Amino acid sequence: MDNNEVKTVDFIRTQINEDLKNNKNDKRVHTRFPPEPNGFLHIGHAKAICVNHGIAREYEGGKFNLRFDDTNPVKEDTTYVEAIKKDIDWLGAHWDGDIKYASDYYGIFYDAAIKLIKSGKAYVDSLPPEEARELRGSPTKPGINSPYRDRTVEENLELFEQMKDGKFNEGECTLRAKIDMTHVNVHMRDPFLYRIKKVSHHRTGDEWCIYPMYDFAHCLEDAIEGITHSLCSLEFINHRELYDWILDNLDFEYRPRQIEFARLNLSYTVMSKRYLLELVESKTVNGWDDPRLPTISGMRRRGYSPESIRSFCSQIGLSKVNSLVDYAFLEYIVREEFNAKADRIMAVTQPLKVTITNYPEGQVEEFEADNNPNREDAGKRVVPFSRELYIDRTDFIEEPPKKFFRMTKGQEVRLIHAYFVTCNEVIKDENGEVVELLCTYDPASRCAKSPDGRKVKGTIQWVSIPHAIKAEVRLYDKLFTLENMGNMEEGKTYSDYLNPNSLEIFTNAYVEPSVKDRAIGEVVQFMRIGYFCKDLDSTEDSYIFNRTVALKDSWAKIQEKS
RNA sequence: UUGGACGUCGACAAGCGGUAAGUCACAUGGUUUUGAUCCAUGCAUUCGUAGGUUCGAAUCCUACCGUCCAAGCCA
């Protein structure tokens, strides 16, 4: 194609551009994110937030509302409201105006219901739930009218008021739209508008005992707030006809339009609020912010930044195709960010003692090290070196495979920032386990520079034993073993696919002393291992690090093949 | 046997009648004080299938196939 930057735009923005061209909505663009406060937000919600917030910010004068869709007091709670606010704010999706709540509009919903009753478009049904279900039919079988369908307006008005006043029990009656029980779209078969729930609401308390259904409330909320483009996920396509019907039969000033797009699915994890809740309640994971969870709070604790999540959301695109995004894509995005931003330090997760036999006892040298070799402005730090070091146990093999460049008897390797060293002797305990390596160093290779142009192929990190800081390191892996959790076998549940190795803890890790200055949540690169951040469980004298993402490891890949 | 949405590389995803963008993954080389990063190269003669219209089709028409959604007084 041509080299000029061809900016392609997704189908939603294409639609908005068209609406703008046609002067729809007085050229306003107003979106919203409408979470139900019944769980924590996850990366799938982040996509919806980024789409809605992003669109509002891209168009001149665009607005973005945060609205809690709290129409079902049975499931909802203020603790979720608080968690959701925190996550959205952290993501950097700043909402315009005050936070909105569907429960603020209960009075308006009620008046709208009265209006529908008065125009003969709604009626109070006294069918018990089971019978109502029966009469609804199925996608292939038309429904049958309720015997209460033809009550007079006066009767309906009176009964509805009695519903509101608590004269009926739960399930005894409902308010229904009078549309068409034989409609091909099941959602148009006299849908329920209001039901009785004698439950206190987290904001309105016991003021109401009738609560609006989603289909009735949502379009009204959008209209009340002047939302122009009401973006939702694909499964609501069948609801759009009802969304339009309700607004067509009332007279709100604004006329929002629903547009559906595909929600995000990520491989090797689940996005269902129900599963997430079960994982938390069954203590399979350690709370909503467990770093293995795809929740915003879990990802935050793991070290993901708002920028990386936003970048991911914009790069996966927007379409109407149900899709499954490869988790490797997420990992790529987060590595990309931290490769540029994160300072490098040295750490050893499984220590193996090394003694440099020709290095003077008691001597300490301080080497200057680049914080980020790819970025000069990242500055430098000082790393102490001494006669006794730890290297990682995995960097030494007594009988190495071909092309193993790391430490083995007689093979010179580079200790990053320090010296070239060669292992001469392997010390084992009574079980034959390697417990210490005796090495010699080349004083001429100071600062790990080759003194004579000779090459060393292996370069490994280390930590000076007298200076090292002990730490606990937590490695996280995929929570599930099945790539597409939407394809579980019949009769199996998510717990059948839990990855038993999703968390691996090294309690005996050592990190170079400069790590002391790092804040909780700050991401650094443990050279040759991965990106890590200090966990909030850390204290002044106990350090815990979470692995955000591992570095790519082509050596491991070669090993796997052979 | 219903209605709707959708099918472009292993995964995302452009393209909307003028002869298949890009990203991830993967592979192979090069650079390298991280087997990281970086750089280079390769990776759909073909767009679910079959017909048709056209000088020309992923794009238009027809038929078929497949996937997903819908029968909560959940959202």
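First the proteins, then the strands, lettered A, B, ... as listed; each starts at 1. These numbers come from a predicted model, not from an experiment.
Atom C1' of B:U45 sits at a distance of 36 Å from the matching atom of B:U37, rounded to the whole Å. To the nearest whole angstrom, the two P atoms, one in B:A27 and one in B:C64, are 43 Å apart. Comparing B:U67 with B:A75, their P atoms sit 31 Å apart, to the nearest whole Å. Between B:A14 and B:A21, the two C1' atoms lie 6 Å apart (nearest whole Å). Distance check on atom C1': B:C16 versus B:C47 gives 13 Å, rounded to whole Å. Rounded to a whole angstrom, the distance from the P atom of B:C6 to that of B:G48 is 14 Å.
Atom C1' of nucleotide B:C38 and atom OH of A:Tyr332 are separated by 12 Å, given to the nearest angstrom. For the pair A:Asn339 CG and B:U32 P, the interatomic distance rounds to 18 Å; values are reported in whole Å. Atom CG of A:Asn265 and atom C1' of B:C69 are 13 Å apart (whole Å). Note: CG (A:Asn374) to P (B:C39) measures 11 Å, nearest angstrom. Going from atom CD of A:Glu130 over to atom C1' of B:A71 covers 16 Å, rounded to whole Å. Atom CG in A:Leu193 sits about 17 Å away from atom P in B:G72, given to the nearest Å. Computed from coordinates, the A:Ile43 CD1 to B:C12 P distance equals 16 Å when rounded to whole Å. Atom pair A:Tyr268:OH and B:A25:C1' shows a separation of 12 Å (rounding to whole Å applied).
Cation-pi geometry between A:Arg203 and A:Tyr101 is met: under 6.0 angstrom from the ring centre, within 45 degrees of the axis. A cation-pi geometry, defined here as NZ or CZ lying under 6.0 Å from the six-membered ring centre and within 45° of its normal, holds between A:Arg176 and A:Phe192.
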Item to complete: Classify every nucleotide of nucleotides 1-9 of chain B by which part a protein heavy atom approaches to under 4.0 Å, writing B for the base, S for the sugar-phosphate alone and - for neither, in 5'-to-3' order.
Response: -BBSSS---
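Considering A:Gln258, A:Arg240, A:Arg32 as possible partners of A:Ser230, the one that fulfils the side chain to side chain donor-acceptor pair (under 3.5 Å) test is A:Arg32.
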Report all side-chain donor-acceptor pairs from residues 312-322 of chain A shorter than 3.5 Å, counting only partners two or more places apart or in another chain.
from: A:Ser314; atom 1: OG; to: A:Ser311; atom 2: O; distance (Å): 3.2
from: A:Gln315; atom 1: NE2; to: A:Ser311; atom 2: OG; distance (Å): 3.0
from: A:Ser319; atom 1: OG; to: A:Val321; atom 2: N; distance (Å): 3.2

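Residue A:Lys403 is classed as a base contact, given a heavy-atom separation below 4.0 Å to a base. Looking at heavy-atom distances under 4.0 Å, A:Leu324 makes contact with sugar-phosphate atoms alone, never a base. Residue contacts shown for A:Lys457 are absent, as no nucleic acid heavy atom lies under 4.0 Å away. Here A:Gln525 lies in heavy-atom contact (under 4.0 Å) with a base. At a threshold of 4.0 angstrom between heavy atoms, the contacts of A:Thr174 include nucleobase atoms, whether or not backbone atoms are also involved. Among the atoms of the strands shown, none is found under 4.0 Å from any heavy atom of A:Leu264. Using a 4.0 Å heavy-atom distance criterion, A:Tyr194 is classed as making no nucleic acid contact. When heavy atoms are screened at a 4.0 angstrom cut-off, A:Tyr214 is found touching base atoms of the nucleic acid. Among the heavy atoms of the strands lying under 4.0 Å from A:His239 is at least one base atom, whether or not backbone atoms are also near.
Checking A:His187 against A:Asp215 by side-chain atom types alone, no donor-acceptor pair falls below 3.5 Å. Side chains of A:Tyr332 and A:Glu336: a donor-acceptor N/O pair is present below 3.5 angstrom, by distance only.
Nearest nucleotide to the A:Met213 side chain, out of B:A14, B:A25, B:C74: B:C74. Distances from the side chain of A:Met527 to the nucleotides B:A70, B:U34, B:C26 place B:U34 closest. Checking B:A13, B:G72, B:U37 against the side-chain heavy atoms of A:Arg136 singles out B:G72 as nearest. Side-chain atoms of A:Leu551 lie closest to B:A36 of the nucleotides B:A70, B:C73, B:A36.
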Worksheet item: Would A:Leu277 and A:Asn38 satisfy side chain to side chain contact (heavy atoms under 4.5 Å, CB included), going step by step from the backbone distance to the final call?
Response: CA-CA 10 Å; A:Leu277 181 66; A:Asn38 67 344; over 6 Å; no
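A perpendicular orientation is assigned to the rings of A:His239 and A:Tyr214, their planes being inclined by more than 60° (bins at 30° and 60°).
Looking at which nucleotide of RNA chain B each of A:Glu336 and A:Pro212 is closest to, the 5′-most match is held by A:Glu336.
For an aromatic pair to be called close, the ring centres must be under 6.0 Å apart, and A:Tyr194 with A:Tyr106 fails this.
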